[in-house]
Each structure stands twice: as structure tokens, then as C-alpha cells.
> 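Got a structure for you, questions after.
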Amino acid sequence: MPVRAERRKGRPGRPALLTVVAAAVAASVLSAPPSSAEGIGPRAACANGYVGLTFDDGPSTATTPALLNALRAGGARATFFIWGQRAQQNPSLLQSTVAAGMWIGNHTWTHPHLTQLGQAAVQDEISRTQTLLRQATGQTPTLFRPPYGETNTQVRDIARQQGITAEVLWNVDSRDWAGASTAQIVQAASTLRNGDIILMHDGYQTTVNAVPQILSGLSSRGLCPGRIIGGTDLRPVVTAP
């Protein structure tokens, strides 16, 4: 899958792990999801298959609540690749993401260039995030997205050791990280085909604004947002939710 030279992210310090707030706090932001995908809202027939909607780098106080609301309003579920430090700083938003019925994956602790790090540092980046997400949600994430799409054998081997079953890159880059407009993000999503995965970010209002149009466009083409699971050799597979 093609990757891109993503804009370098800041790297804040590493405060001690905070106690994750109870799910009841999350419920005050968004109501709990229905027990089945069909209960989220009306869905178009998925005659032409499923695509993976993914959002990196959250949670964000500026955009996560609105992004979750936009997805729920469109009857859609998506995968959020969580930046560990940001989740530590915004535990209620992480809980809200899960409560809204979204899937979560590991996006490392500080968002570094993993291929430039030694084994111990890579291990720490992935394992710290796994620990936080497991404590927060009660589930061990099985999806992993290396920052900037940069990976190698060492990264993949360590990810496997942490329970990862899919290293999720992408087929379509929305380029929201590069300043793409809402219209440009929608246009990128219009190229999605069955089994494709699109890269977006939780942090840009342009992306939030694009979600309703993306969902409408998918519906008009007989496509539905699907769930990403692990396939052979850490390859991601998009399936029905």
C-alpha cells in the first residue's frame, strides 16, 4: 500500500499513566452504542463491498466529539488509531470513542519514526500504548498503524509480540494532514473501492466536515464502512462490521 511523507508531529513529554475515568463519564458525552451494527442507523445495501475508514492521532478535544457525532449520524463505524500520550491526557474522549461503537488501534506512544529507533525504544512505544488501551477498554488492540507508515521487520516482529494481528497502512490518502480542503478530502474518498482503506486524521475540522459527504458518496456507490481485521502475515482485511 502506498504511504506518504506525513507532516512531523510534536513529541510531548511522558507523564505518568493516569487513572482512566469510568465509562459513565464517557456516557455523558455520547450515549452507549447499540448492541449491533444494524442498530446504529439505516444502512444502504452493501452490494459493492466494504471500505475501512480510519482516523489517526486522536483523541482531540477540538474534534473528537464532533467526529464521533458525524459518524453516528451517518450510521457508520470507523477505526481510530490512538496516539498513546493523547489518550492518557484525554481519557474521557478515549472512552467516548469506544462508547460510540468505534474500533481502536495502536498508533504508538509519542508518534515517532519507528524505523529510526532501536529495539527497546520500539518495544516501549508499542507496549505502553497497548497497556493504556487495554486498561481503558478491557480489550487488547489487535490493529497497529506505524506513524508515517514507516515500518520494517523489527517493527512488525515487536507488534506481533504485543498481540497485533494487522499492520494497517492505506490505499487512499486524504491528505488532510497536508491542508486538503473538505472538497479535496471528499474527492479522495470517492476513489475508494471494495477492500480499500483511507487515511484520515482526528484533528482537522475539514475532515469532520467531510464525513457526511463521504458517507453519502459511499452509499450512492453501494459501499459501506467496514471493520478491519488481521489477515495473513499482518495484512489488514476489511469485512462487514
Side-chain angles (χ1 to χ4, degrees), residues 1-20 52 54-60 78-91 93-94 97-98 102-171 173-174 176-178 197-203 227-238:
M1 295 183 184
V3 298
R4 81 314 180 211
E6 184 179 293
R7 183 169 57 193
R8 191 179 184 92
K9 306 290 193 302
R11 301 172 69 176
R14 300 186 178 191
L17 183 63
L18 301 177
T19 301
V20 179
T54 69
F55 299 91
D56 287 8
D57 297 354
S60 164
T79 302
F80 284 65
F81 287 97
I82 303 297
W83 184 329
Q85 281 186 332
R86 291 183 175 176
Q88 181 191 58
Q89 295 160 3
N90 299 285
L93 291 179
L94 175 60
T97 302
V98 175
M102 307 304 155
W103 302 289
I104 61 170
N106 187 322
H107 199 41
T108 73
W109 191 257
T110 66
H111 204 285
H113 294 271
L114 290 176
T115 57
Q116 299 176 19
L117 301 181
Q119 180 176 349
V122 174
Q123 174 84 24
D124 184 65
E125 286 285 339
I126 298 175
S127 65
R128 289 187 73 186
T129 307
Q130 285 289 88
T131 297
L132 182 146
L133 296 180
R134 183 170 56 249
Q135 291 176 348
T137 68
Q139 304 173 13
T140 300
T142 58
L143 306 180
F144 170 65
R145 173 168 284 165
Y148 315 102
E150 296 172 355
T151 187
N152 56 23
T153 300
Q154 174 178 264
V155 171
R156 287 189 291 270
D157 286 346
I158 291 173
R160 284 190 185 94
Q161 294 166 12
Q162 294 297 318
I164 298 299
T165 62
E167 182 183 69
V168 185
L169 301 183
W170 53 89
N171 306 91
D173 184 352
S174 71
D176 55 359
W177 57 272
I197 296 170
I198 183 170
L199 170 72
M200 295 179 283
H201 292 79
D202 181 358
R227 181 172 190 172
I228 303 171
I229 63 173
T232 304
D233 196 27
L234 291 184
R235 291 185 178 89
V237 177
V238 184

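We number each residue from 1, following the sequence as shown.
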> Side-chain donor-acceptor pair under 3.5 Å between Thr110 and Gln85, yes or no?
no
> Within a 6.0 Å radius of atom CD on Gln119, are there more than 12 heavy atoms belonging to other residues, nucleotides or ligands?
no
> Any idea which heavy atoms bring Pro112 and Leu117 closest together, and the distance?
CG-CD1, 3.8 Å
> For the atom pair OG1 (Thr153) and CD1 (Ile158), what is the distance rounded to the nearest 0.5 Å?
11.0 Å
> Please report the C-alpha distance between Leu133 and Thr140 in whole Å, then the side-chain angles of each, then the deciding distance to 0.1 Å, and finally whether the side chain to side chain contact (heavy atoms under 4.5 Å, CB included) criterion is met.
CA-CA 7 Å; Leu133 296 180; Thr140 300; over 6 Å; no
> Measure up the Tyr148 and His113 rings against each other and bin them: parallel (under 30°), tilted (30 to 60°), perpendicular (over 60°).
parallel
> To the nearest 0.5 Å, what is the distance between OG1 on Thr97 and CZ on Phe80?
5.5 Å
> Are any non-hydrogen side-chain atoms of Leu199 and Asp56 less than 4.5 angstrom apart?
yes
> Is there a donor-acceptor pair closer than 3.5 Å between any side-chain N or O of Glu167 and the backbone N or O of Arg156?
no
> Closest heavy-atom contact between Ala159 and Phe144?
CB-CD2, 4.1 Å
> Among His111, His107, His201, which residue meets the ring pair (Phe, Tyr, Trp, His ring centres under 6.0 Å) test with Trp83?
His111
> Out of curiosity, Gln89 CD to Ser60 OG, how far, rounded to the nearest 0.5 Å?
11.0 Å
> Can you give me the closest heavy-atom contact between Leu143 and Thr79, atom names plus distance?
CD1-CG2, 3.8 Å
> Could you check whether any side-chain heavy atom of Ile198 comes within less than 4.5 Å of a side-chain heavy atom of Asp173, counting everything from C-beta outward?
no
> Salt-bridged, Arg145 to Asp57, with N to O below 4.0 Å?
no
> Does the Glu125 side chain pair with the main chain of Thr108, one donor and one acceptor, at a distance under 3.5 Å?
no
> Enter the distance from Phe81:CZ to Thr129:OG1 here, rounded to the nearest 0.5 Å.
12.5 Å
> Are any non-hydrogen side-chain atoms of Ile164 and Gln130 less than 4.5 angstrom apart?
yes
> Show the numbers, then the answer: is there a side chain to side chain contact (heavy atoms under 4.5 Å, CB included) between Val238 and Arg227?
CA-CA 5 Å; Val238 184; Arg227 181 172 190 172; over 6 Å; no
> Testing the basics here: between Val168 and Ile197, what is the closest heavy-atom pair and its distance to 0.1 Å?
CG1-CD1, 3.8 Å
> Might you point out which heavy atoms bring Asn106 and Pro141 nearest each other, and give the distance in Å?
N-CB, 4.5 Å
> Evaluate the side-chain proximity of Leu169 to Pro146: yes if any heavy-atom separation is below 4.5 Å, no if none is.
yes
> Is any side-chain heavy atom of Thr165 closer than 4.5 Å to one of Ile229?
no
> Taking Asn90 for its side chain and Leu93 for its backbone only, find out whether a donor-acceptor pair lies under 3.5 Å.
no
> To the nearest 0.5 Å, what is the distance between CE (Met200) and OG (Ser174)?
6.5 Å
> Give me the atom names and distance for the closest heavy-atom approach of Pro59 to Ile82.
CD-CG2, 4.1 Å
> Could you check whether any side-chain N or O of Thr115 sits under 3.5 Å from a backbone N or O of Thr151, counting only pairs where one atom can act as donor and the other as acceptor?
no
> Which distance, rounded to the nearest 0.5 Å, do you find between the OG1 of Thr142 and the CH2 of Trp103?
11.5 Å
